Amino acid sequence: MPTNKHKRKATSHVKTTSVKTAPAGLISSNPKAFALVGLFFVALGAYLLAFESQNNAMFGVAMLSIIAGGATTIYANLTVARKK
């Protein structure tokens, strides 16, 4: 039997803290702020749709606001760093 047992290196147990794969950009640098801006656009679109959509122009603005806010919020949430 050998006198020295094989020991594992301590570096093999190191875990990565976060993984960020999004490219550098304005939304990637401030994802929480843009998530709030996107939620504001969704709320504004819902308000316009519920109370101010008597004519076709306001209906269109409300729908564009909801779509743009939803897309901004989803993209901002995707760029947040994830822990492994």
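Just so it is clear, the model here is predicted, and its values are computed rather than measured.
- The minimum heavy-atom distance linking Ala35 with Ala76 is given by the pair N-CB, 3.7 Å.
- By the ring pair (Phe, Tyr, Trp, His ring centres under 6.0 Å) test, Tyr47 pairs with Phe51, sequence neighbours left out.
- Looking at Leu36, Thr73, Thr79 one by one, the single match for side-chain contact (heavy atoms from CB on, under 4.5 Å) with Pro31 turns out to be Thr79.
- Under the 4.5 Å side-chain heavy-atom criterion for ILVMFWY residues, a single connected hydrophobic cluster contains both Ile66 and Phe59.
- Other members of the cluster containing Leu39 do not exist, because no ILVMFWY side chain is joined to it at under 4.5 Å.
- Within a 6.0 Å sphere centred on CG of Asn56, heavy atoms belonging to other residues, nucleotides or ligands number 12 at most.
- With sequence neighbours excluded, the residues satisfying side chain to side chain contact (heavy atoms under 4.5 Å, CB included) with Thr72 are Phe34.
- For Leu48, the side chain to side chain contact (heavy atoms under 4.5 Å, CB included) partners are Leu44, Glu52, Met58, Val61, Ala62, not counting sequence neighbours.
- Connectivity analysis of hydrophobic side chains (ILVMFWY, heavy atoms under 4.5 Å, direct or indirect) links Leu64 to nothing; its cluster partners are none.
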